[in-house]
Number of protein chains: 2
Amino acid sequence: MNSDELCQVYRCLCDVTRLRILNLLGEDALCVCHLQQVLGESQVKISKHLAYLKNHRLVESERRANWMIYRISGAPNPILEENLKCLQDLSSEDPVFMADLKRLRATDTSAACCPTSA
Amino acid sequence: MNSDELCQVYRCLCDVTRLRILNLLGEDALCVCHLQQVLGESQVKISKHLAYLKNHRLVESERRANWMIYRISGAPNPILEENLKCLQDLSSEDPVFMADLKRLRATDTSAACCPTSA
DNA sequence: CAATTATATTCCCTTGAAGGAATATTCCTT
DNA sequence: AAGGAATATTCCTTCAAGGGAATATAATTG
């Protein structure tokens with residue numbers, strides 16, 4: 001990791017929608033439609049932000065039939081990991097992150113698109 | 001700290017010049033002219049980035065005669081602190097940060113503009 | 001193969017921010 | 001008060017990126 005790559009990581013983190021996505025993916029791998037549901041944002045918006053995160057190697061994806069499952073990248077990244085921890089801490093205080101997690105837990109993850117249902 | 005403020009912090013961190021500035025200020029408070037010297041960047045550029053950091057409360061400044069001394073903000077900010085630590089770790093590997101620190105140490109800090117000479 | 005579902009991409013518009021040149025401001029010295 | 005040094009601001013141009021509407025692609029189902 002060099003200074004430019006470090007900047008790239010922060011660029012990924014400096015959008016609230018991406019932070020919300022990462023916060024959710026910190027809990028579990030998720031398909032696009034679930035992210036869309038939980039975040040209440042448009043399909044394009046979610047899809048573009050996921051592409052952005054993927055291009056910068058913060059998340060990775062795997063196709064499962066019709067669905068794309070996204071998860072936090074497995075490649076070790078100390079900066080990302082440290083900041084995901086911070087995110088987790090904040091998510092017990094911040095109303096936006098809290099509400100997202102609440103909706104996530106209320107979401108039926110037994111559907112065909114869910115990673116654990118494979 | 002809420003999700004928007006968190007984004008703001010990351011926005012501050014996603015420019016390499018600002019990271020270089022923060023890396024230097026992590027060592028010691030510095031005046032603009034020293035930052036300019038060490039970073040080898042234009043006066044406008046440094047000044048604008050400092051203004052940006054100050055507007056977002058990551059640094060604070062104090063006038064000393066002709067000079068403005070900038071330092072990392074004293075207000076507690078866990079996210080900033082955590083990432084300054086990361087920056088410090090990286091600065092022993094990354095060529096840009098390393099070179100900056102080396103030039104900083106080679107800089108005469110006994111001049112009138114330096115905080116410790118007060 | 002046609003229709004449907006899930007997701008990605010393209011086109012377009014708008015905005016924030018980076019950087020340089022020129023200028024303004026602030027403070028010091030004489 | 002005038003000049004000089006340090007720093008800040010304004011004006012301008014360029015560019016990345018956010019978001020929506022429409023369209024394209026990929027896989028599934030009938």
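Bear in mind the structure is a predicted one, so any value in this text is a computation, not a measurement. Naming: A, B, ... by sequence-line order, numbering from 1 per chain.
Residues A:Leu30 and A:Ile69 are not in side-chain contact: their nearest non-hydrogen atoms beyond the backbone lie 4.5 Å or more apart. Using a 4.5 Å cut-off on side-chain heavy atoms (C-beta onward), B:Glu60 and B:Tyr70 make no contact.
Note: CD1 (A:Ile69) to P (C:dA8) measures 11 Å, nearest angstrom. Taking atom CG of A:Leu53 as the reference point, atom P of D:dG18 lies 10 Å away to the nearest angstrom. Distance, A:His56 NE2 to D:dA16 C1': 11 Å, rounded to whole Å. For A:Leu39 and C:dT7, the CG to C1' distance is 16 Å, given to the nearest whole Å. As rounded to whole Å, 8 Å separates atom C1' of C:dA17 from atom CZ of B:Arg18. One interatomic measurement links the two molecules: CG of B:Asp15 to P of C:dA17, which rounds to 11 Å at whole-angstrom precision. Nucleotide C:dA18 holds its P atom 5 Å from the NE2 atom of B:His49, rounded to whole Å. The CE atom of B:Met68 sits 15 Å away from the C1' atom of C:dA24 (whole-angstrom rounding).
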Passes side-chain hydrogen bond (donor to acceptor under 3.5 Å, both in side chains), B:Asp15 versus B:Tyr52? Steps please.
-> CA-CA 11 Å; B:Asp15 177 278; B:Tyr52 190 103; over 6 Å; no
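Listed pair B:Tyr70 / D:dA8 meets the phosphate criterion, a side-chain N or O lying under 4.0 Å from OP1 or OP2.
Considering all non-hydrogen atoms of both residues, A:Glu41 and A:Gln36 come closest at O-CG, 3.3 Å. Across every non-hydrogen atom of B:Ile21 and B:Ile46, the tightest pair is CD1-O, 4.4 Å. The two atoms that bring A:Met68 and A:Ser61 nearest to each other are CE-OG, 3.4 Å, heavy atoms only.
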Where do N or O atoms of nucleotides 26-30 of chain D meet protein N or O atoms at under 3.5 Å, pair by pair?
{"from": "D:dA27", "atom 1": "N3", "to": "A:Asn66", "atom 2": "OD1", "distance (Å)": "3.4"}

Quick one: which protein N/O atoms are closer than 3.5 Å to N/O atoms of nucleotides 20-22 of chain D? Pair and distance per line, please.
{"from": "D:dG20", "atom 1": "OP2", "to": "A:Ser42", "atom 2": "OG", "distance (Å)": "3.4"}
{"from": "D:dG20", "atom 1": "O6", "to": "A:Lys48", "atom 2": "NZ", "distance (Å)": "2.4"}

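Residues A:Met1 and A:Leu80 share a hydrophobic cluster, clusters being chains of Ile/Leu/Val/Met/Phe/Trp/Tyr side chains in contact below 4.5 Å. Residues B:Leu84 and B:Leu39 share a hydrophobic cluster, clusters being chains of Ile/Leu/Val/Met/Phe/Trp/Tyr side chains in contact below 4.5 Å.
C:dT9 is paired with D:dA22 under the Watson-Crick or G-U wobble criterion, all donor-acceptor distances under 3.5 Å.
Checked for salt-bridge contact, A:Lys85 and B:Glu82 miss the test: no charged N lies under 4.0 Å from a carboxylate O.
Looking at the side chain of A:Ser47, the nearest of the listed nucleotides C:dA8, D:dG18, D:dA8 is C:dA8.
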